[in-house]
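See below for the structure under consideration.
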Amino acid sequence: MFHRSNAGAADGCRLLLRAAWCAVLGLVTLVGVGVGAPSSSLAGQPSGVQIRQTDYRQDRVTFQTTLRRSGPAPQMGAPLNAPAGVTQIEFPSGELRLKAWVGMPEAAEAKLPVVIFLHGGFAFGLDDFKMAAPYREAGFVVVTPVLRGENGQAGAFSLFYDEVDDVLAVAKFMQTQPYVDAAHIYLAGHSVGGTMALLSGMAASDFKAVASLSGSPDQIAFTANSWNRKLPPFDKKNPREFEMRSPLSYAASLKSPTRLYYGTEEDFFRDNTQRLVSIAKAAGLPVDYREMPGNHFSAVPAEIADSIQFFRAHW
């Protein structure tokens with residue numbers, strides 16, 4: 001169990017910040033201090049990205065993103081101090097040294113399966129670690145990496161591109177740990193982390209199965225909102241920059257069994273998620289989706305519970 005002293009007020013503030021940040025991203029609207037339905041300005045936004053016939057992993061070898069600005073992630077994050085009962089590790093990602101939190105299940109066996117959980121938003125906090133608690137309670141080691149440019153870490157924010165290298169790096173690092181069953185590394189993520197989970201599952205075959213909770217399939221649609229339009233640090237006139245960040249463009253490149261989730265109140269995700277799955281299925285890939293009751297946050301507990309069964313089915 002992790003230490004809870006002085007955490008309540010901090011968590012409350014962070015939940016308000018997270019809700020406000022999601023409103024900025026256009027994913028939800030605020031109703032008082034609560035979280036409401038998806039923004040109507042994004043609902044049904046048509047896809048703008050081209051569907052590629054090439055493999056995402058191979059295209060990453062030849063593609064070079066061009067960042068028009070280089071700096072930290074756009075969301076502020078607190079310094080990283082793991083609570084009691086949680087181990088803070090460092091892992092290499094190229095020339096960078098990045099941090100992650102590791103939570104062990106209570107019943108530890110010699111070799112344990114791992115869920116790498118990718119947080120929502122562009123900063124990491126205790127509530128992100130708490131969101132992934134059901135995986136730990138189900139017997140998985142939970143690893144929550146903090147990506148380049150987040151929470152004061154080194155590296156430049158690239159919005160869904162160079163950060164993929166960080167996810168693959170933490171997976172490789174965990175495979176070397178003596179308590180880890182390297183053949184059973186699973187990947188999950190929520191919101192921004194759901195997008196990252198899909199792209200990472202297209203870039204490598206290291207994952208036994210992948211679960212994306214409200215990931216964004218199409219970044220042209222995602223950045224059509226007036227607030228989101230400010231997010232891309234790259235040349236927005238280059239469609240390849242968007243395609244390399246859009247799982248929909250490379251739906252046939254998923255390399256592991258994958259399940260996508262979205263809430264019944266998340267109209268923005270519905271059409272492009274279903275289109276992505278349709279393309280993947282046509283390519284013969286074991287990919288499906290689940291529409292769960294709720295919004296961007298209230299649907300998460302049921303989505304995680306279902307993803308645990310999904311992971312166990314791919315043991």
Worksheet entry | Check: Gln50/Ser249 side-chain N/O donor and acceptor closer than 3.5 Å | no

Item to complete: Test ring pair (Phe, Tyr, Trp, His ring centres under 6.0 Å) on Tyr262 and Phe269 and set out the steps.
Response: CA-CA 7 Å; Tyr262 61 88; Phe269 296 107; 7.5 Å; no

Discussion item. For Ser158 and Arg245, which I'm curious about, is there any donor-acceptor pair between the side chains at under 3.5 Å?
Written reply: no

Practice prompt. Classify the ring geometry between Phe63 and Tyr161 as parallel (under 30°), tilted (30 to 60°) or perpendicular (over 60°).
Written response: perpendicular

Worksheet item: Does Glu137 use its side chain to pair, donor to acceptor, with the backbone of Pro105 at less than 3.5 Å?
Response: no

Worksheet entry | Asp271 backbone acceptor or donor facing Gln274 side chain under 3.5 Å | no

Worksheet item: Considering residues at least two apart in sequence or located in another chain, which fulfil the salt bridge (Lys or Arg N to Asp or Glu O under 4.0 Å) criterion with Lys208?
Response: none

Practice prompt. Please list all pairs passing the salt bridge (Lys or Arg N to Asp or Glu O under 4.0 Å) test where one or both residues lie in residues 168-196, with sequence neighbours left out.
Written response: Lys172-Asp206

Worksheet entry | ring pair (Phe, Tyr, Trp, His ring centres under 6.0 Å) contacts in which one or both residues fall within residues 73-99, not counting sequence neighbours | none

Discussion item. Is there a side-chain contact between Leu260 and Val287 in this structure, where contact means two heavy atoms from C-beta onward sitting under 4.5 Å apart?
Written reply: yes

Worksheet item: Can you list the residues that meet the side-chain hydrogen bond (donor to acceptor under 3.5 Å, both in side chains) rule with Arg148, with sequence neighbours excluded?
Response: Asp166

Discussion item. Applying salt bridge (Lys or Arg N to Asp or Glu O under 4.0 Å), can you list everything that pairs with Glu90, at least two apart in sequence or on another chain?
Written reply: Arg97, Lys99

Worksheet item: Looking at Phe297 versus His190, is the centre-to-centre ring distance below 6.0 Å?
Response: yes

Discussion item. Tell me every residue that passes side-chain hydrogen bond (donor to acceptor under 3.5 Å, both in side chains) with Gln153, counting only those two or more places apart in sequence or in another chain.
Written reply: none

Worksheet item: If you measure only the distance, is there a donor-acceptor pair under 3.5 Å linking the side chains of Tyr250 and Asp59?
Response: yes

Discussion item. Between Lys255 (side chain only) and Ser200 (backbone N and O only), is there a donor and an acceptor less than 3.5 Å apart?
Written reply: no

Worksheet entry | Donor-acceptor side-chain pairing of His296 and Ser191 below 3.5 angstrom | yes

Worksheet item: Among pairs that include at least one residue of residues 113-122, which meet salt bridge (Lys or Arg N to Asp or Glu O under 4.0 Å), considering only residues two or more places apart or in two chains?
Response: none

Worksheet item: Under a 4.5 Å cut-off applied to non-hydrogen side-chain atoms, are Thr273 and Leu248 in contact?
Response: no

Practice prompt. Verify ring pair (Phe, Tyr, Trp, His ring centres under 6.0 Å) between Phe122 and Phe157, making sure each step is shown before the conclusion.
Written response: CA-CA 9 Å; Phe122 300 109; Phe157 170 76; 5.2 Å; yes

Discussion item. So, using side-chain hydrogen bond (donor to acceptor under 3.5 Å, both in side chains) as the criterion, who are the partners of Gln88 when residues are at least two apart?
Written reply: Trp101

Discussion item. Taking Gly194's backbone N and O only, do any of them form a donor-acceptor pair with Ser212's side chain (distance below 3.5 Å, no angle check)?
Written reply: yes

Worksheet entry | Asp165 and Ser93 side chains, donor-acceptor separation under 3.5 Å | no

Practice prompt. Name the orientation class of the two ring planes belonging to Tyr186 and Phe140 (parallel below 30°, tilted from 30 to 60°, perpendicular beyond 60°).
Written response: perpendicular

Fill in: Pairwise salt bridge (Lys or Arg N to Asp or Glu O under 4.0 Å) hits with a residue in residues 303-315, at least two apart
Arg259-Asp306

Worksheet item: Backbone N or O of Ala209 within a donor-acceptor pair of the Ser256 side chain at under 3.5 Å?
Response: no

Discussion item. Using modelled atom types and a 3.5 Å cut-off, is there a donor and acceptor pairing between side-chain atoms of Thr195 and backbone atoms of Ser216?
Written reply: yes

Discussion item. If the condition is ring pair (Phe, Tyr, Trp, His ring centres under 6.0 Å), which residues does Phe234 pass it with, not counting sequence neighbours?
Written reply: Phe242

Discussion item. Are Val170 and Val143 packed together at the side-chain level, in the sense that at least one heavy-atom pair is separated by less than 4.5 angstrom?
Written reply: yes

Worksheet item: Does the Gln177 side chain pair with the main chain of Phe173, one donor and one acceptor, at a distance under 3.5 Å?
Response: yes

Response to the item:
Residue set satisfying side-chain hydrogen bond (donor to acceptor under 3.5 Å, both in side chains) with Arg290, at least two apart, ordered chain then number -> Asp288

Worksheet item: Phe310: what forms a ring pair (Phe, Tyr, Trp, His ring centres under 6.0 Å) with it, not counting sequence neighbours?
Response: His314

